[in-house]
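Written below as structure tokens is the structure these notes are about.
By convention in this document, chain letters (A, B, ...) are assigned in the order of the sequence lines, proteins followed by strands, and residues within each chain are numbered from 1.
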Amino acid sequence: MLEILSYTFMQRAFVTGIFVAIACALLGTFLVLRRYALIGDGLAHISFGGVAFGLLVGITPFFGALVFAIFGALGIIKLKEGLTGRGDSAIGIISHASLGLGILIVSAARGFNVEMLSYLFGSILAIKSSEVAISIALAGAVISAIIVFYNDLFHMTFSEESARVSGTDVGKLNSLLMILTAVTVVVSMKVVGLLLASALIILPASSALQFKTSFRKTLLLASAISAGSVIVGLTVAYYYDLAPSGTIVIANALLFTCLLLARRAGILNKG
Amino acid sequence: METALDISDLSVKYGNADALLGINLKIEKGDFVGLVGPNGSGKTTLIKAVLGLLPARQGTIKLFGTDLKDFKDWNEIGYVPQKAANIDPNFPASVEEVVQMGCLSGKKFPKKITEQDKKNVENALKLVRMESLSGKMIGELSGGQQQRVLIAKALVSEPKLLFLDEPTTGIDAKSRKEFYGILETLKKQGITIILVSHDTGRIDKHITKIASLNGRLEFYGTHKEFCSNANKHERAGYDHRLCLHRS
């Protein structure tokens, strides 16, 4: 077990993976309860366009994805207003437009297909020290923002109407939530890849919800489950020479299945 | 008497249709107003417009003398929404956590829960006789118990004006009786209460004024005044039971 930690690339993978996993789990709990679980998928599609654009113009694809995801998230909010509240259509329209743009760029540019694959499927074992620093800084910023705005986010998640009546600026808070999600999806890109980024948002939160406990405990459980799945996934990937993105997500999915069955069997404590 | 709510020439559109037209209404502090009217008469729309949840097409709304656009003291307002008991049974929040949300009203950034807030939560739960269930998950409670928790949430910031939108819908007779007992206590404390209800056979025992809506404000006055024209109101579609319970 200690051998795995003797390699620098594995140390980086564990540290980055755990930070990103906690950010995803915290954010995911709010998103799943607000029925926005698939926003992660939409923002991942948008980020694909940003990665392709970055590769085309020669800027770091990570930043291309970040800019596309943040503007895409704000665009979804604006378009949702224009579509009188139909958020799912707004996500679909913007994400597929960006995905289409990405595919056009990739097909026209010809030549960066291999690099593109690392963004689609993740490359946590090949993560550079600068990427570790950026990922940790961004994940840390997301975690800090959630802690600072915890009470407002919790209130808005329970009842948007009630939060408005308490004087909360729900519009601004929604924008903040979307920007945090955009940042989180982009930092997840290196850990599990764009194709599976939303899995880290949806699965740990869904697993924690099986415990039917208080909101604070649910957030802590989601974080622990998410971090644990990264540790298990990376360890299995290392010893069995498998793709870490797949093992991390499968570890999450298996844990969710076990917890769901345990709850249905009445094994999990309530309250 | 001081005015808690002052509405002048208020019109609200819902889609392309006028949901409310030319509403003028002044509610004095300490009044317990029953807001009645047939389905689709604009009762919920009126409350939502007053709370800033729906935009007004024209007119002004003043809460405690301050225009709604400039109103900041949201801790003075309590609100229990329509179908409040339809809470997601899987929502992961304890009774205590739900009531604590009410402490955030009117607070400035960063909104923190203080020790005083925790004491207020305890007191609000005692008032609605739910203190023994503070650790329970909200989704595990009955409809009546959830309703009491939401009333505690609305009361925890010690509001001066309380809006209740059909709060007894879907709850059993015992819970309903307890609920009206709580409202009597609040009335004695001098809290201004605006209660939207179809439970017209029961609210007449508690209210001091009636406001009847049907797109426009058709009547606002005392229960006695309302009943002196009972036939007229009944022809307009109001429940005659509103005038049966007291003379």
Side-chain angles (χ1 to χ4, degrees), chain A residues 25-26 28-30 32-35 81 84-85 144-173 176 204-222 259-260 263-264 268-271, chain B residues 15 44 47-48 50-54 71-84 86-113 117 133-140 149-150 153-154 156-157 159 161 163 165:
Chain A
L26 292 175
T29 306
F30 293 103
V32 166
L33 287 167
R34 283 172 62 73
R35 310 271 193 271
E81 287 167 15
T84 55
S144 305
I146 290 170
I147 292 168
V148 170
F149 289 97
Y150 168 78
N151 282 316
D152 273 336
L153 286 169
F154 175 39
H155 200 177
M156 183 174 76
T157 304
F158 182 73
S159 165
E160 200 166 301
E161 201 172 66
S162 169
R164 274 183 207 276
V165 175
S166 77
T168 301
D169 190 334
V170 167
K172 280 186 186 160
L173 200 60
L176 174 75
S206 302
S207 295
L209 287 169
Q210 303 309 313
F211 286 90
K212 293 202 166 194
T213 186
S214 70
F215 201 81
R216 277 177 192 278
K217 284 183 189 166
T218 302
L219 286 174
L220 291 173
L221 281 166
L259 289 170
L260 180 70
R263 184 176 67 77
R264 288 195 174 167
L268 288 184
N269 286 333
K270 288 185 175 184
Chain B
T44 298
I47 285 191
K48 287 193 172 182
V50 167
L51 294 171
L53 296 171
L54 282 175
F71 189 76
K72 297 274 185 285
D73 300 323
W74 289 103
N75 56 313
E76 294 184 350
I77 309 295
Y79 171 51
V80 180
Q82 194 177 27
K83 295 177 185 169
N86 287 349
I87 291 170
D88 176 358
N90 296 313
F91 194 89
S94 66
V95 165
E96 189 181 24
E97 284 179 317
V98 171
V99 179
Q100 270 182 7
M101 283 185 234
C103 300
L104 302 175
S105 291
K107 280 198 179 190
K108 303 262 184 293
F109 175 84
K111 296 180 182 177
K112 296 283 173 211
I113 300 296
D117 289 332
L133 298 175
S134 64
K136 271 260 185 198
M137 292 298 102
I138 186 78
E140 293 173 3
V149 172
L150 292 178
K153 176 178 175 284
V156 74
S157 64
L161 176 57
F163 294 90
D165 193 354

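Contacts of A:Thr157 with chain B are made by both backbone and side-chain atoms, with heavy-atom separations under 4.5 Å. Both the backbone and the side chain of A:Thr168 come within contact range of chain B, judged by heavy atoms closer than 4.5 Å. Residue B:Phe71: no heavy atom, backbone or side chain, is found under 4.5 Å from chain A. Only the side chain of B:Lys153 comes within less than 4.5 Å of a heavy atom of chain A; its backbone N, CA, C and O stay farther away. If you measure heavy-atom distances from B:Leu53 to chain A, the contacts under 4.5 Å come from the side chain alone.
For the residue pair B:Lys112/A:Asn151, the side-chain donor-acceptor check at 3.5 Å is not satisfied.
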Report the C-alpha separation of B:Lys136 and B:Glu96 in whole Å, then their side-chain angles, then the decisive distance to 0.1 Å, and conclude whether the salt bridge (Lys or Arg N to Asp or Glu O under 4.0 Å) test is met. CA-CA 8 Å; B:Lys136 271 260 185 198; B:Glu96 189 181 24; over 6 Å; no
When you look at A:Arg263 and A:Leu260, which way does the side-chain contact (heavy atoms from CB on, under 4.5 Å) test go after all the steps? CA-CA 5 Å; A:Arg263 184 176 67 77; A:Leu260 180 70; 4.1 Å; yes
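Classified by interplanar angle (parallel below 30°, tilted 30° to 60°, perpendicular above 60°), the ring pair A:Tyr150/A:Phe215 is tilted.
A:Glu161 has a carboxylate O that lies under 4.0 Å from a charged side-chain N of B:Lys48, or vice versa, which qualifies the two as a salt bridge.
Each of A:Ser166, A:Ala163, A:Ser159 has some count of heavy-atom pairs under 4.5 Å with chain B, and the biggest count is that of A:Ser166. Counting heavy-atom pairs closer than 4.5 Å to chain B, the top-ranked of the candidates A:Leu209, A:Asp152, A:Val148 is A:Asp152.
Residues that satisfy the salt bridge (charged side-chain N to carboxylate O under 4.0 Å, His left out) test with A:Asp169, not counting sequence neighbours, are A:Lys172.
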